[in-house]
Every structure is written in C-alpha cells, then in structure tokens.
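Worksheet: the structure to be examined is printed underneath.
All heavy atoms count here, side chains included; hydrogens, waters and symmetry mates do not.
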Amino acid sequence: MIKRTEKLERRDNYELAPPQDRFIVQLLKRHIDQVLFTYTKSDLPYPRVLDVGCGRQPFRRELEKLGYQYFSIDVHQNPGQAVDVLCEIDQQLPSELVDLGTFDFIMCTEVLEHVVDWDNAFNNLTKLLARNGRLFITCPHIYQLHEEPYDFWRAT
C-alpha cells in the first residue's frame, strides 16, 4: 500500500490555471457540465451523490442546486475541512463510509490515474452505487504527469 503523505494543491474550480491546462480544462469542464445536465436528473425525493476524490469540491454547488444531498471522500482533508470521509477508493472502505449507504450518483473525475488498484477501486464503486444509480468517471488518456509520485495510469 502506498501512503500518501504529501499535501497536493487541488483545483477548487474548473477555470484555467497553468498554461498546460488551457486545452484540457476547457474540454473537461464542457463535458462535465453536459453530463451533469443530462444524467443527474432524478425522480427521487432526496437523491444522494458521492464525489470521489472531491478535492476542493468544485462541483458541490452545482450538484446541490440539482437537489442532491452531497457527500465526499478524498485522501486528504481540504482547506475548508469539508471532506466527509478520508479514504482511498482502492482500499478497504471505512465503516463511516459504508454506514452512509449507497449513492444514486457517483462522480469520480480525474482521480483514477492516481489509484494503484483499479480492480479494488471498481469493486468499491460498485458497492457504493445504488441500484439503478449512475457512475460518472473521467480519467486522462494523454496528459503530463501531475501530483507525482501518485500518477500511475493513463487509460486507453
């Protein structure tokens, strides 16, 4: 198991930041907004969302506007102390997360490249997803290394 000891700077919005982000951030933001608009509508009275690898929670406000009860996990607490559960998605799920039950929508954006054990991560995501729930994942295919030494994969 790799212990994550470094504090990494996290994005608190999907606006442009460093020059290398000019293309990918605009592209991601456009597609993420489209997915949120198209696939997050729910007929449930109190739909629940889990933001996996939430960082500074750039999508929280939008998801709450859509009526979702927002829950979050990450490997580090954010500056606002707003992360609900600290854990790694590819490790045994802590009881405090399991006790929350399942989620109607799980959002995992730009996280899986930092996850060592994809099999365990997907098993955990499956356990956390409610029946008929939706899982939204983004992961870079071509992108420079970042948050090193915790950048492991490029999905193909």
Side-chain angles (χ1 to χ4, degrees), residues 1-2 4 8-17 20-21 23-42 44 47-78 82-94 97-98 100-156:
M1 178 164 75
I2 295 177
R4 298 176 191 273
L8 302 169
E9 190 61 32
R10 300 293 178 101
R11 176 182 303 280
D12 59 354
N13 61 49
Y14 264 68
E15 302 302 319
L16 295 179
Q20 68 267 23
D21 285 355
F23 171 75
I24 195 67
V25 170
Q26 292 176 37
L27 182 66
L28 277 170
K29 175 73 169 125
R30 186 172 60 242
H31 288 289
I32 290 169
D33 286 346
Q34 183 63 38
V35 164
L36 292 180
F37 176 79
T38 305
Y39 296 105
T40 57
K41 295 178 180 89
S42 176
L44 300 171
R48 296 159 31 96
V49 62
L50 179 65
D51 191 350
V52 176
C54 64
R56 293 185 178 200
Q57 304 177 344
F59 303 105
R60 181 179 189 146
R61 187 172 297 134
E62 183 65 28
L63 289 161
E64 288 177 337
K65 281 183 191 175
L66 291 166
Y68 279 85
Q69 185 179 4
Y70 182 90
F71 296 89
S72 60
I73 65 172
D74 207 325
V75 296
H76 294 295
Q77 187 56 265
N78 64 22
V83 179
D84 296 307
V85 178
L86 298 178
C87 68
E88 296 180 35
I89 194 62
D90 63 340
Q91 301 300 313
Q92 181 175 349
L93 296 174
L97 178 58
V98 173
L100 291 173
T102 58
F103 299 88
D104 307 296
F105 186 71
I106 297 178
M107 184 168 193
C108 182
T109 59
E110 306 305 290
V111 171
L112 289 180
E113 71 269 24
H114 305 291
V115 171
V116 175
D117 186 346
W118 275 21
D119 286 338
N120 203 35
F122 278 97
N123 284 331
N124 286 337
L125 290 167
T126 300
K127 290 174 191 172
L128 294 168
L129 191 62
R131 186 169 191 219
N132 297 319
R134 294 183 176 183
L135 171 62
F136 174 54
I137 296 173
T138 66
C139 189
H141 171 65
I142 299 172
Y143 194 68
Q144 73 269 2
L145 291 176
H146 60 286
E147 295 187 12
E148 294 173 83
Y150 309 112
D151 191 346
F152 306 112
W153 305 102
R154 291 297 176 269
T156 60

Problem set entry | CA sep, side-chain torsions, deciding dist, call: Ile32, Met107, side chain to side chain contact (heavy atoms under 4.5 Å, CB included) | CA-CA 10 Å; Ile32 290 169; Met107 184 168 193; 3.7 Å; yes
For this session: Dump the intermediate steps for side chain to side chain contact (heavy atoms under 4.5 Å, CB included) on Phe59 and Thr109, then the final yes or no.
Result: CA-CA 10 Å; Phe59 303 105; Thr109 59; 3.8 Å; yes
Exercise. Leu86 and Gln77: side chain to side chain contact (heavy atoms under 4.5 Å, CB included), yes or no, with the steps?
Worked result: CA-CA 7 Å; Leu86 298 178; Gln77 187 56 265; 4.3 Å; yes
For this session: Carefully, step by step, assess Arg48 and Leu100 under the rule side chain to side chain contact (heavy atoms under 4.5 Å, CB included).
Result: CA-CA 10 Å; Arg48 296 159 31 96; Leu100 291 173; 4.0 Å; yes
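In terms of heavy-atom proximity, Val83 sits nearest to Cys54 at CG2-SG, 3.7 Å. Nearest approach of Leu93 to Val98, heavy atoms of both residues: CB-CG2, 3.7 Å. Residue Ser42 comes nearest to Pro47 through the heavy atom pair OG-CB, 3.6 Å, listed as atom of the first residue, atom of the second, then distance.
Under the ring-ring contact (aromatic ring centres under 6.0 Å, His included) criterion, Phe71 pairs with Phe103, sequence neighbours left out.
Here the side chain of Arg56 pairs no donor or acceptor atom with the backbone of Asn78 at under 3.5 angstrom. Side-chain N or O atoms of Asp84 include none that pairs as donor or acceptor with a backbone N or O of Ile73 at under 3.5 Å. Under a 3.5 Å cut-off, the side chain of Asp117 and the backbone N or O of Asp90 do not form any donor-acceptor pair.
The only option from Leu97, Asn124, Val52 that meets the side chain to side chain contact (heavy atoms under 4.5 Å, CB included) definition with Cys87 turns out to be Leu97. Applying side chain to side chain contact (heavy atoms under 4.5 Å, CB included) to Leu129 and the options Leu135, Asp104, Thr102 leaves one that passes, Leu135.
Distance CG/Asp51 to CZ/Phe105: 9.5 Å, rounded to 0.5 Å.
Leu112 places a side-chain heavy atom less than 4.5 Å from the side chain of Phe122.
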List the atom pairs, with distances to 0.1 Å, where a side-chain N or O of residues 61-69 and a protein N or O form a donor-acceptor pair under 3.5 Å, not counting sequence neighbours.
{"from": "Glu64", "atom 1": "OE2", "to": "Arg60", "atom 2": "NE", "distance (Å)": "2.9"}
{"from": "Glu64", "atom 1": "OE2", "to": "Arg60", "atom 2": "NH2", "distance (Å)": "3.4"}
{"from": "Tyr68", "atom 1": "OH", "to": "Thr40", "atom 2": "O", "distance (Å)": "2.6"}

